[in-house]
Amino acid sequence: MKQNKRILITSYYFEPEITPRAFRTTELVKEFLKKGYTVDLYIPNIEEKDKINLENCNIHYVNSRKVISSKSMSSQEPSTRPKKNIIFRLLKKVSDYLTGGTNYLVHGYHLYKKLLSNNSNNYNLIISIGLPVHIHFATAKFLSKVKPNCIKICDYGDPFFYNPAGKHIFYLKYIEKWATKQFNYISIPTAKSTEYYTEYKNKDEIKIIPQGFDFSNIELDNYTSNNIPYFCYAGYFYENIRNPKFFFDFLDTLTIDYRFIIYTSMEAGFSRDICLAYKEKLGDKLILKDFIPREELIKKMSKMDFLVNFDNFNSNQVPSKIIDYTLSKRPILNVNQGNFKEDTFNEFINNDYINSLKINIEDYDIKTIVNKFETLTEIKKY
């Protein structure tokens, strides 16, 4: 067990939020603590009832944002949530384009000030977890000022400037390039995304460290075949790279009975809009649910006949949900608008899962993932 070692982790997300980046931060923090490290964690301010108490974890709340817990999010029906004024939405869209995210920029400023006020550089490892990329911007600014003598890693889930899902104003690329130079390494979840970062780092400084989870808390139901096909998707949709329209249109042609259950954000956005649009067409065959806690979701998925993964079209990103899908031990139908085959879908409907997507789940054990981070402190001199 490692003793007397200290780690600084900065992030925008943490439990109880239901996002891949919240999972990333939470799992890393807890595993480092298990291994005897002391962790300094910087996250946004959250609701008092959700305050976190972890032994040997010094949590520094950055007073710039309130986290909405999963329960308060899902307690509202979509029809009761207020719609934003069109002019306000337009102004915010312009502001977000110029800043990369106005709320993120404000948080980044407060994060930098908080880091600087503590002014500690006695760390063995520093990990900045994005997105948003402003976590990297703020942490990099702190690093350039304090210059701590340790290994520094900026951890990405999805790319920022070169993300095919959206466009950003040109100067943000140069800020991102400057920020990544303050770190020894960039860590990314899949080798398929390497090309998005080679402008910022040499390939030997881009490390593949997948999403990691503690498998010991996973509870499954005993699966029995449903009377009619039940299949499920969990996650966001994006108009450019993960658009389910082709799949909904296909389902609309089927005469068989089925239930397609979708867990997604029912807040305003593309996911909500496209799901509600097709709910009118598909009726009771399409069941829409808001996000639920991860362990609860995996248990729900274990009762499905199969799961649907919408692969990111024309993109090298790999959704982290595949890990949870695999943990549920149900077959995975992997589709996008470029590779969808009706024959493969019909195989799944008829309980033939020979074309199910498969991954090596042991690669995503949080113990393996933390070891990968630790190894970086050993192979490079400070």
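- Counting only distance, with no hydrogens or angles, the side chain of T180 and the backbone of K177 share a donor-acceptor pair below 3.5 Å.
- A donor and an acceptor atom, one from each side chain of N351 and Y353, are located under 3.5 Å apart.
- Between I366 and E27, the closest heavy-atom pair is CG1-O, 3.6 Å.
- Checking Y123 against N149 by side-chain atom types alone, no donor-acceptor pair falls below 3.5 Å.
- Closest non-hydrogen pair, F32 versus F373, comes out as CZ-CB, 4.0 Å.
- For the pair R294 and F213, the distance from NZ or CZ to the six-membered ring centre is under 6.0 Å and the angle to the ring normal is within 45 degrees.
- You'll find the ring centres of F306 and F231 inside the 6.0 Å limit.
- Under a 3.5 Å cut-off, the side chain of N243 and the backbone N or O of K245 do form a donor-acceptor pair.
- Between D257 and R259 there is a salt bridge, since at least one side-chain N of the basic residue sits less than 4.0 Å from a carboxylate O of the acidic one.
- Here the shortest heavy-atom pairing between T25 and S11 reads OG1-OG, 2.7 Å.
- A distance-only check finds no donor-acceptor pair linking the side chain of T368 to the backbone of Y364 [under 3.5 Å].
- Between the side chains of S187 and D155, a donor-acceptor pair is found at a separation under 3.5 Å.
- Under the 4.0 Å criterion applied to side-chain N and carboxylate O atoms, R21 and D158 are not assigned as salt-bridge partners.
- The two residues D363 and I369 make their nearest non-hydrogen contact at O-CD1, 3.5 Å.
- Contact between H134 and G100 at its shortest, heavy atoms only, is CE1-O, 3.2 Å.
- Side-chain contact check for Y258 versus I256: some heavy-atom pair is nearer than 4.5 Å.
- Between K5 and E374, no side-chain nitrogen of the basic residue sits less than 4.0 Å from a carboxylate oxygen of the acidic one, so the salt-bridge criterion is not met.
- Of the N and O atoms on the side chains of Y162 and E195, not one donor lies less than 3.5 Å from an acceptor on the other residue.
- Partner F260 forms a ring pair (Phe, Tyr, Trp, His ring centres under 6.0 Å) with one of F247, Y233, F250, F345 and no other, that one being F247.
- For the pair D221 (side chain) and Y223 (backbone), a donor-acceptor distance under 3.5 Å is absent.
- Side-chain contact check for S265 and S271: no donor-acceptor pair (N or O, by modelled atom type) lies under 3.5 Å.
- Note on R6 versus D40: salt bridge recorded, some NZ/NE/NH1/NH2 to OD/OE distance being below 4.0 Å.
- For the pair D214 and K34, the salt-bridge criterion is met [side-chain N within less than 4.0 Å of a carboxylate O].
- One distance of note links CD1 of I135 with OH of Y12; it measures 8.0 Å at 0.5 Å rounding.
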